[in-house]
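One-based numbering, in listed order, for ligands and for the atoms of each. Residue numbers start at 1 and run along the sequence shown.
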Amino acid sequence: MREDVYFYLDLTTDLLKKKELVKVIKYYIDEKNKTNIKGRYSLLIFQEEGNPIFITDKKDSGIIAKSVDENWKLRPKKRSYFENGLFYIFSYIAETVRKKSKFNRIIIITDTPSDLSEGYQEALFNLVSKIKNFPTFIDIIRISDSSERFFSDDVKLNMLASDTKGGIFYLKEKKELANVIKKLVKTKQFTTTFVDQPDRIKISQEDYAFYNHLAKPLKKAEASMDKLVCHLCKEEVCPICTDVYDIPLVCEDCNTNFHNCCITNYTINHNIGIPNILRCPGPSCDVLIKIDEDEIIEVSGEVEVSVKEFMAEETLHEIPKTIPKVQPLPSSSNVGFVKTDKPEMRPSSIEDSIKESR
Ligand SMILES: [Zn+2]
Ligand SMILES: [Zn+2]
Ligand SMILES: [Zn+2]
């Protein structure tokens, strides 16, 4: 599957030199391009005052390298915009995965803990719980002065990487960067997402609302003289209900038509882990679409619960009004660190991190 990669440079110090950075990023893209034929590359770097430069969807490593070069000098030197940067990237991913199914990988190179309020962090983790299912992986490379061993944001970084099955790397010497990047080029995907394990997804009501909002409903076809043929059954009249008023609906993105009954049946076997949401089966379309929640129960005898009932049953728990300070992750989220001997990596478990932070 296509993988889109987002480099996020969260660097306020001069520990890393621009030249070294440009070199490894170029190397990564050039190597990755050999196997990730359809992949695209993006770069986020803030400027002073917190204005983001976000170059998206590039194929050519030269363009990304040039953007680093041009925007390096005016990057913020006083503070990190860590959370803001991720919000930008997440909203871009949410918009683009609506159109195409793909893997997303965010590579954050950071040298400064951000000290934003807990409210920001909560909002961040709320978004991560949605975006990770697309799937999105977050790799974090923390560069530091060799004297530093612990950082105020260790817990946050570990949670981000483990929750999204990415890796976390602590670099004490900048020359280790090239080795980490080499390892990241070879990273194999962990694919325990709802793409291949639809029955194991557990999402909250809030997350459900998010996916439901991303997916478009099919539209009623414009009145026309032409008889519309359903893409799935290849018939004008729906063979399931034989009702002439089951006029094929249309996907706004690809203009493909589907009988209500046919797309409902199709959805039962091809949803994205949420019963009424699927990717459009139209030719070379992949957009997220949804059918009426109530249709699922009407048509098929195999599905015994409505979407609403499914959501009520499958929800882990109600989202509490006030979120606890450090929210432990569900036990199902295995810590998916990339194995490496050197540079040093600290695969401290989330539980340990939480304990330490108390
Ligand atoms: Zn049909
Ligand atoms: Zn029908
Ligand atoms: Zn479509």
Report task. Any chance you could lay out the side-chain contact (heavy atoms from CB on, under 4.5 Å) test for Asn257 and Val250, step after step, and finish with the verdict? Result -> CA-CA 4 Å; Asn257 298 296; Val250 62; 3.5 Å; yes
Report task. Could you walk me through whether Phe258 and Tyr266 pass the ring pair (Phe, Tyr, Trp, His ring centres under 6.0 Å) test, one step at a time? Result -> CA-CA 10 Å; Phe258 309 98; Tyr266 181 87; 7.7 Å; no
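Geometrically, Arg142 does not engage Phe169 in a cation-pi contact defined by less than 6.0 Å to the ring centre and at most 45° from the axis.
No side-chain donor from either of Thr136 and Thr164 sits under 3.5 Å from a side-chain acceptor of the other. With hydrogens and angles left out, the side-chain atoms of Tyr208 and Asn276 include a donor and acceptor closer than 3.5 Å.
With sequence neighbours excluded, the residues that form a side-chain contact (heavy atoms from CB on, under 4.5 Å) with Ser129 are Asp207.
A distance below 6.0 Å separates the ring centres of Phe7 and Tyr28.
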All N/O donor-acceptor pairs, side-chain side in residues 40-47, below 3.5 Å, sequence neighbours left out:
{"unit_1": "Arg40", "atom_1": "NH1", "unit_2": "Lys38", "atom_2": "O", "d": "3.4"}
{"unit_1": "Tyr41", "atom_1": "OH", "unit_2": "Asn36", "atom_2": "ND2", "d": "3.4"}
{"unit_1": "Ser42", "atom_1": "OG", "unit_2": "Asp57", "atom_2": "N", "d": "3.1"}
{"unit_1": "Gln47", "atom_1": "NE2", "unit_2": "Asn71", "atom_2": "O", "d": "2.9"}

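Within a radius of less than 2.8 Å around the Zn ion (ligand 1), the protein N, O or S atoms are Cys230 SG, Cys233 SG, His259 ND1, Cys262 SG. Taking a cut-off of 2.8 Å, the protein N, O or S atoms nearer than that to the Zn ion (ligand 3) are Cys251 SG, Cys254 SG, Cys280 SG, Cys285 SG.
Under a 4.0 Å N-O distance rule, the pair Arg75/Asp14 qualifies as a salt bridge.
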